[in-house]
Amino acid sequence: MSNKLYPLLQTINDPAELRRLPRAQLDVLAAELRAYVLSSVSKTGGHLSSNLGTVELTVALHYVFNTPEDRLVWDVGHQTYPHKILTGRRERMASLRQHGGLSGFPQRSESEHDAFGTAHSSTSISAALGMALAAKIKGEDRRAIAIIGDGALTAGMAFEALNNAGVADCNLLVILNDNDMSISPPVGAINRYLAQLMSGQFYAAAKNVGKHVLQVAPPLFELAKRIEEHAKGMVVPATLFEKFGFNYIGPIDGHDLESLIPTLENIKHLKGPQFLHVVTKKGQGYKLAEADPVAYHGPGKFDPMIGLQKPSTPPKQTFTQVFGQWLCDMAAHDPRLVGITPAMREGSGMVEFEKLFPARYFDVGIAEQHAVTFAAGLACEGLKPVVAIYSTFLQRAYDQLIHDVAIQNLPVVFALDRAGLVGADGATHAGAYDIPYLRCIPNISVACPADENECRQLLSTAFAQNHPVAVRYPRGAGVGVAVQPGLEALPFGKGELRRTGKGIAILVFGTLLYPALQAGESLNATVVNMRWAKPLDSELLLKVAAEHEGLVTLEEGAIMGGAGSAVLEVLHAAGVVKPLLQLGLRDEFIEHGDPAKLLALQGLDAGGIEASIRGRFDALLQGHRPALKAAA
């Protein structure tokens, strides 16, 4: 860090140092902090728009509250780069989202200032409520603050927590960081004055005295209550949060420290559940991100002076793009198709589908549970829903998957993006568990395409079925296999022999087929593209087992309960006993880093696969049959 560029920020290594600054210097600090966030993300890649939008709010929170004693819980957590910088991690920002470096989300193991680990949405109010009630039970005088975005507030869990918090009788502050809702901008002196007034002690005391005085005359009390709600309704969006039992304050300008700080200071002394509504702008202070916050939501490395540039050579087609094109083509072919996404239109590749088929496109917000049951309702009426959802997010709708889709055997297609490791987003976003958690559910099938063209074909296969099917595919591009036009489907539940060898057979589920083929060449092993984790191609499996002395299963997913376990189950049921090596993701949470490096660390690159097989079947590969029997 250059002292010349960030002279004030350079002096802040802990929020306690921030709290010693004069108020007059905070705007300067915020400007330096915003510039530092922009500079850092441009060098490493990461979330940008959301972090530029929370600079002043972060400064104000750490200035007013006694963190980390007062707990800050950031919903999702992709907006916490300013928080990390102010809490002693400034110099480590160069390692952001890299293996061994800073996480892109809050992590309890990373800092005492990260009160709760987050990365999925809508958990903050529940967690902060638990902390607030824990403080009350333990007799500790501290605050718990949940900072939640308007998008995250669409999820049912957030409202479940609000419903509980309103009657919990504890000191909880919920801050709605509103950067997208269509609400009148809270600018001007009158809004600032009213926000501070409603958060002040005089207002709270007068409100309570009024209640006691008027309650002896119920008609007057009811009239006064209605007048108050009407008056507040003129300066706030609604009284919804008052109905939950919160004292609602706002909306206020989330970039105005002269509004934020006095309001937070007033709230700090209020008892019971408080709700502060702040309005911010994604990308604030960087014109390019302000103009296109979606493009700058999670950019890679770029030059801040130039902005995002198209690559000089066209990148390989991603699996997400393959899905998006297939969805449009299948929708044109079959009018029953409807597409559903839980607030992941861009991430799931549905932008073009929305343009072409707006009446058949449904973004339900961050509401995975609703998305799945909504799809079930559509399927009951003869439509063919395709739910585009990340593997890690489908976990949140597991009950609906079983109860509302599988038990009723409804033909819903689940397009599971981000299956396997996801790189920089780390353990919270890894699609490591979908094969185990799906294959144990009756009626559901699971397809594992090996490349881009096979992904398109298996999506067509899934759509043709009359029961629920999930097609899992990874983030990013494959090996560059050309995608053929048309809607040709592959046979349901059938694999293929890709390489014939001797001694060892490698059974591959998904995109690890290509490193397996490399290893197979070195080992002269048979390589089978299984394609389906459920149902398994038992006929092919048993044939291969009969012709080989040792078997290897390979998947980019959890070993425990995964496709390799399914192979063992089929062999056992058939009375076949063979030495089998299961390769996949080990029983551990895999942190952030370069995907290729992470796969190599798991032994799932070509060299690692070969080394594992040689280590397990060295005697067999050398042709020593007695040693093989002993190993088995």
Side-chain angles (χ1 to χ4, degrees), residues 54 57-58 60-67 69-75 115-116 122 124-136 140-150 152-153 158-178 183 186 191-211 225 228-229 231-233 235-254 256 259-280:
T54 58
L57 179 58
T58 305
L61 284 169
H62 281 296
Y63 190 76
V64 172
F65 291 97
N66 184 31
T67 55
E69 180 64 19
D70 289 326
R71 314 293 199 232
L72 299 183
V73 182
W74 300 88
D75 210 286
F116 195 77
S122 317
S124 62
I125 304 175
S126 297
L129 175 60
M131 294 173 182
L133 282 171
K136 181 181 179 181
E140 297 173 351
D141 183 20
R142 55 179 170 79
R143 281 281 183 174
I145 302 105
I147 305 101
I148 185 168
D150 52 289
L153 203 62
F159 283 91
E160 292 172 17
L162 288 171
N163 187 54
N164 187 191
V167 296
D169 188 26
C170 60
N171 296 328
L172 171 71
L173 170 59
V174 175
I175 298 177
L176 172 59
N177 176 30
D178 175 5
I183 297 171
N191 262 325
R192 182 185 299 177
Y193 170 74
L194 287 171
Q196 293 180 28
L197 176 65
M198 286 190 290
S199 66
Q201 295 283 2
F202 176 80
Y203 175 83
K207 187 175 179 181
N208 288 329
V209 169
K211 283 182 180 178
K225 187 177 177 183
E228 179 198 11
E229 290 182 355
K232 290 183 75 173
V235 294
V236 300
T239 56
L240 170 65
F241 301 106
E242 293 274 6
K243 297 298 184 184
F244 273 109
F246 282 78
N247 177 40
Y248 177 95
I249 300 154
I252 64 173
D253 185 349
D256 181 6
S259 179
L260 279 170
I261 290 175
T263 302
L264 288 171
E265 286 176 338
N266 284 336
I267 291 173
K268 185 178 180 179
H269 301 291
L270 297 179
K271 301 297 182 183
Q274 309 295 321
F275 192 100
L276 174 63
H277 182 173
V278 303
V279 177
T280 60

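Hydrogens, waters and symmetry mates play no part in the numbers below; they use all other heavy atoms, side chains included.
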message: Could you tell me if the side chain of F241 sits less than 4.5 Å from the side chain of I249, heavy atoms only?
response: no
statement: Closest non-hydrogen atoms of W74 and L61, given as atom of the first, atom of the second and distance, are CH2-CD1, 4.0 Å
field: Inter-residue atom distance N266.CG - Q274.CD, 0.5 Å rounding
entry: 10.5 Å
K268: partners by salt bridge (charged side-chain N to carboxylate O under 4.0 Å, His left out), with sequence neighbours left out: none
My understanding is that only residues two or more places apart in sequence, or in another chain, count here; which of them pass side-chain contact (heavy atoms from CB on, under 4.5 Å) with [X]?
X    : answer
A165 : L129, L172, F246
E69  : N66, R71, R142
A161 : I125, S126

Contacts of type side-chain hydrogen bond (donor to acceptor under 3.5 Å, both in side chains), residue [X], not counting sequence neighbours:
X    : result
T58  : none
D169 : K136
S124 : D75

Backbone of A158 reached by a side-chain donor or acceptor of S122 within 3.5 Å: no
- prompt: Name the one of T54, N177, D150 that satisfies side chain to side chain donor-acceptor pair (under 3.5 Å) with T280?
  reply: N177
query: Is the Y248 ring parallel, tilted or perpendicular to the H277 ring (thresholds 30°, 60°)?
result: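 Perpendicular.
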